[in-house]
Amino acid sequence: MTAKIVIGLDGTDTGERALAFAKDLASRMEGCELLAIYVIEWSPFTFQTPEENEQRHKRREEEIELANTRIVTPAVEALQKAGFKAEGMVRHGDVAETLNALTVKHGGSQIVVGRASSSGFANRIFGSSTQNLVMHADVPVTVVG
C-alpha cells in the first residue's frame with residue numbers, strides 16, 4: 001500500500017515548514033505520495049439576499065483561483081520538480097473537518113500542518129482549527145512549529 005501524506009497549507013512560514021517536514025518524511029518512505037491542500041474558511045450558514053449570494057459566489061471563485069496561483073500550484077510544482085508524486089487542491093469549508101474529510105477520501109495516512117501563523121486569517125485557520133484537527137482526525141496529525 002502506498003502511503004499518502006496530506007499537507008495543510010496556509011501560505012505562511014509555518015505552512016512552509018510543514019511542507020518541508022512532509023517532504024523530508026516522504027523522502028524516507030518508498031513511493032510516498034503528497035497531497036497539498038489549502039482550505040479557505042467558509043460557512044454555508046449565512047443568510048443573505050440573492051444579490052449578496054451572487055457576489056459571494058464570485059468572491060469564492062476568486063479566492064480559489066488566488067490560493068491556487070499563490071500557494072498550492074507553486075508548492076505542488078516544487079514537490080514534483082524534487083521528484084515526488086504530488087497533487088494539490090483548494091476547498092472552502094471548516095478547516096479541520098475539510099482536511100480530515102479530504103484525507104479520508106483520498107486515502108491519506110497522515111496529515112501535516114503548521115502550528116501557528118501571524119495573520120488574523122491564517123491564525124483562525126491554524127489556531128483552534130489545528131486543535132480540532134488533532135482531536136478529531138481519523139489519521140495521525142503532525143503539527144510543525
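We're numbering straight along the sequence, starting at 1. Scope of the values below: all heavy atoms of this structure, side chains included, with no hydrogens, waters or symmetry mates.
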Check your understanding: How about E61: does its CD atom have over 12 heavy atoms from other parts shown lying under 6.0 Å from it?
Key -> yes
Exercise for review: Working to the nearest 0.5 Å, report the span between OG1 of T73 and CG of N68.
Suggested key: 4.5 Å
Check your understanding: In chain order, what residues pass the side chain to side chain donor-acceptor pair (under 3.5 Å) check against D94, with sequence neighbours excluded?
Key -> none
**Study point:** F84 versus A26, closest heavy-atom pair with distance
**Key:** CE2-CB, 3.7 Å
Exercise for review: For the residue pair E87 and H106, confirm or rule out a side-chain donor-acceptor distance under 3.5 Å.
Suggested key: no
Review point. Shortest non-hydrogen contact from M29 to A3?
Key: CE-CB, 3.3 Å
Check your understanding: Which atoms form the tightest heavy-atom contact between A86 and L79, and what is the distance?
Key -> CB-CB, 3.8 Å
Check your understanding: Roughly how far apart are D138 CG and N100 CG, rounded to 0.5 Å?
Key -> 4.5 Å
**Study point:** CZ (R60) with more than 12 external heavy atoms under 6.0 Å
**Key:** yes
Practice item. Evaluate the side chain to side chain contact (heavy atoms under 4.5 Å, CB included) criterion for residues L9 and I37: first the C-alpha distance (whole Å), next the side-chain angles of each, then the deciding distance (0.1 Å), finally the verdict. Key: CA-CA 6 Å; L9 299 177; I37 302 175; over 6 Å; no
Check your understanding: Do we see a donor-acceptor contact under 3.5 Å between the side chains of T69 and E65?
Key -> yes
Check your understanding: Going by heavy atoms in the side chains, are L102 and M89 under 4.5 Å from each other?
Key -> yes
Exercise for review: Give, for atom CG of L19 and atom CG of D10, the distance between the pair rounded to the nearest 0.5 Å.
Suggested key: 11.0 Å
Exercise for review: Report yes if some heavy atom in the side chain of V95 is under 4.5 Å from a heavy atom in the side chain of L133; otherwise report no.
Suggested key: no
Review point. Which heavy atom of G11 sits nearest a heavy atom of Y38, and at what distance?
Key: N-CE1, 4.3 Å
Check your understanding: Side-chain contact, heavy-atom cut-off 4.5 Å: Q110 with T142?
Key -> yes
Exercise for review: Report the distance from atom CE of M135 to atom OG1 of T130, rounding to the nearest 0.5 Å.
Suggested key: 11.0 Å
Review point. When rounded to the nearest 0.5 angstrom, what is the spacing between CG in L25 and CZ in R28?
Key: 7.5 Å
Review point. So, do V113 and V144 sit near enough that their side-chain heavy atoms are less than 4.5 Å apart?
Key: no
Review point. Hey, are R17 and D13 close enough for a salt bridge, meaning a charged N less than 4.0 Å from a carboxylate O?
Key: no
Revision key, fill the gap. OG1 (T2) and CD (E30) are apart, to the nearest 0.5 Å, by 9.0 Å
Point to revise | Stepwise side chain to side chain contact (heavy atoms under 4.5 Å, CB included) check, E63 with H92 | key: CA-CA 9 Å; E63 288 174 340; H92 280 93; 3.0 Å; yes
**Study point:** Residue pair A36 / V76: nearest heavy atoms and the distance that separates them
**Key:** CB-CG2, 4.2 Å
Check your understanding: When you look at I5 and L35, which way does the side chain to side chain contact (heavy atoms under 4.5 Å, CB included) test go after all the steps?
Key -> CA-CA 6 Å; I5 298 172; L35 176 58; over 6 Å; no
Exercise for review: List the steps and the verdict of side chain to side chain contact (heavy atoms under 4.5 Å, CB included) for S129 and E41.
Suggested key: CA-CA 10 Å; S129 294; E41 188 74 41; 4.2 Å; yes
Review point. Do V104 and V39 belong to the same hydrophobic cluster, where Ile, Leu, Val, Met, Phe, Trp and Tyr are linked whenever their side-chain heavy atoms lie under 4.5 Å apart, directly or via other members?
Key: no
Review point. Do you know which two heavy atoms are closest between V139 and S109, and how far apart they sit?
Key: CB-O, 3.7 Å
